[in-house]
Undergrad: 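Dropping the structure in here first, questions after.
Just so you know, ligand 1 is whichever comes first in the structure, and atom 1 is the first atom listed for that ligand. This one's a predicted model, so the numbers in the text were calculated from it and none came from an experiment.
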Amino acid sequence: MCSSSLSVAKESFFLLAPLELLRSEDVKNITSIEELEKVKIDEQFIRYCIGEYKPAIITDNLFSFFRFTEKQAYLIIIDKRIDSTSELQRYNFYGLLDTYGKGKIVISSSTLTSEQIKKSINLTNVLINQGQTFILELFQLHTDYDESQDWWMHDVIYEIIVASYQDSNNDGIGDIQGLRQRLDYIQSLGVNTIWLTPIYTSPWKDYGYDISNFCDIDSRFGTLDDFRILIDDVHSRQMRIIIDFVPNHTSNEHPWFQAALHNDPKYIDYYIWHKGKNNGKELPTNWLGASGQRMWTFSSERNMYYLHQFLDCQPDLNFRNENVLDEIEKIFRFWLDLGIDGFRVDAVRHLIENDQYHDEPLSKDAKDMDPNIMYVAYDHTESADQSGSYELVQRWRKFLDKYAYENNRNYIVLITEAYTVDIKKVMRYFGNNREERGSDIPINFLITYYLDKDENEKHGLELDKVLSDWQSNLPEYAWSNWCLGSHDSHRITSRLPSKELIDGFYMLLLLQSGTALIYYGDEIGMCDRPFTLANSDEIVDITAFNYGEKYFDKMIRDRQRTPMQWTSQEANAGFTSSTVKPFLPLSDTWHELNVEQQQNALRSHLKLFQQLVKLRQQAPFYGGYQKKVIATKELYAFIRWLDTNIYLIVININKKGHDPIINDFTKLLKYQNKELFGEVIARSCNILDDSLIGKEGNQINLNNLILQSSEAIVLKLLTCPSNISFCQQ
Ligand code: GLC
Ligand code: CA
């Protein structure tokens, strides 16, 4: 390899023009730079031979490579497909060359429009059409931020159950107008993206995850016009809006199911039907669903069983039927046309079932779990995570790419939900490889699973295992994500060994590399509200009734879905008026635990949350490196750094009452000089001003960092990384 000055490098690329010539027959066989060199047209380019060469993605259809020096890098892309009917392809070049994360087109074949040329391109998502050739000048991920493409990677995504957020018309149910009134608050969190759980027309047997009309808003929440205004409001604040999308099933009240029940030929195969074993006397399989029922229900209308992975009022759609696939794409398009920025696709692991209909085995971990109601008692080898489900996610990613491309839209994000502790299965939702991409954000529930563990297992080593598992399994091209809780798991504050640890967990959520997802109310540390079977009229989550006394407490999801706690003095914490009963009772913690109180306090969970969201904007968090420093039963610490900026985050995992932990971080970070100092940037609420660590701005000697139980801290190191061998990548 030879190298030369960079200005020459740029010139040499210009000599490549006209690039269309490279789309000649010759190019078809190029698989290496040597062969490229043989192509006559390219002689001048090779002659200049600037910088290093590194192959990028090379397939039958694509030839691409990097040319780079220490300070500058280019990516040259040549699509070799000559068949003009070839489809738009999406490639991911991220991670192939150092930390370069995006690029601007500096030269292109004329088939690119000027709009496409203007946009900066994120390397995770390079869309290439048949025969296109272009050269990207590359930038580090943290520089040259491009809202239009990157927003989902750096945002904090705030999940909201509209019904539980703010009521505006005093019927006790939160609604779209109410949510609009709270946008100032959401924006004040620093949160840029909201994700709404289903607000489609629905009988609401499962909080709207049972949809009877995919293209309208349920009247409980307002109208389509209200929703249009909400989208405008959100966008005018430079924020984004994502909606839940539930393709796996519909409500049994959906006209498609009603038509299917009555043998309407068009809809006869929209759902999954089976005659049953032994002349219909037995269920087709032993499959147990995720809502505590067998997956098959008999329909006397059709004299057959239909499949439902969730409640019997949520029949599963048949994705082997092309018409169903078309319908789903129509629905995507409907919401995209309204301006939606992305989708959280529900229950993707349940999309397709093996149509050989074999029984499923009990899980080895079933232990004393009741196999008649507990989903986890089985290994769902036939009904979950089938390859067809992964293919569907990839198909939808392609569909969204195409839509964005054709409509000149910003990046449309695809988030998927798949509850499984098998990390390999979760990772597969990212796609097969760099070219065949699936979900952008297969939600990472590992921290929520960690919180499910027995009390004595919730320690630093287990936590480390969870965090490292994710990082080491993450495909190199994939973007990370973190979440602490959701509408399906009990509130994090109610599951932590000590409530005060919430601040340390915010640090894990917000300061590790990746998109962060936060569930409404967790920013103030809202807790679960207990429900009992005896007070059944309070219960909205009817699924819980399937679990009986023994599992009711564990399974009831109303606990974590109670109305948002806004104020101390107003009736119903400001959620709805005093004259009405909220659709779900509030947690009685609301008098002391609410937004107003935390906004007025000098320090609070809310204020720390806001501070950490701001800190995320700093380059080391935004696009820098990350490394674990130490993990013990009692402690977890990691650093984030870029160039000369290093941050150290230390969390004492112990619950109250343990001895303080003293560590020498000078040694742990392999610092070559004697003393290393860190400035306090953020601290958990339980670190008081007059404690050893004290306030923001204090300088702490890291020879001797003392943290009390459940304390957590963010420090900025006051030295240059060249002296810290730990920071060498
Ligand atoms: C997902 C949702 C859950 C719902 C289920 C059925 O798991 O998160 O709340 O009950 O799908 O749609
Ligand atoms: Ca299904």
Undergrad: Tell me, please, whether Y207 has R557 positioned over its six-membered ring: NZ or CZ under 6.0 Å from the ring centre and within 45 degrees of its axis?
TA: no
Undergrad: Are the aromatic rings of W335 and F214 close, with centres under 6.0 Å apart?
TA: no
Undergrad: Regarding R529 and the six-membered ring of F531, is the cationic atom NZ or CZ under 6.0 Å from the ring centre and inside 45° of its axis?
TA: yes
Undergrad: Give the protein residues with at least one non-hydrogen atom closer than 4.0 Å to an atom of ligand 1, ordered by chain and number.
TA: D206, Y209, H249, F310, R344, D346, E417, Y419, H487, D488, R557, R561
Undergrad: Taking only residues two or more places apart in sequence, or in another chain, which ones meet H254 in a side chain to side chain donor-acceptor pair (under 3.5 Å)?
TA: none
Undergrad: Angle class for the Y520/Y165 ring planes (parallel below 30°, perpendicular above 60°, tilted otherwise)?
TA: perpendicular
Undergrad: Measure from the ring center of W566 to the ring center of Y185 and say whether it is less than 6.0 Å.
TA: yes
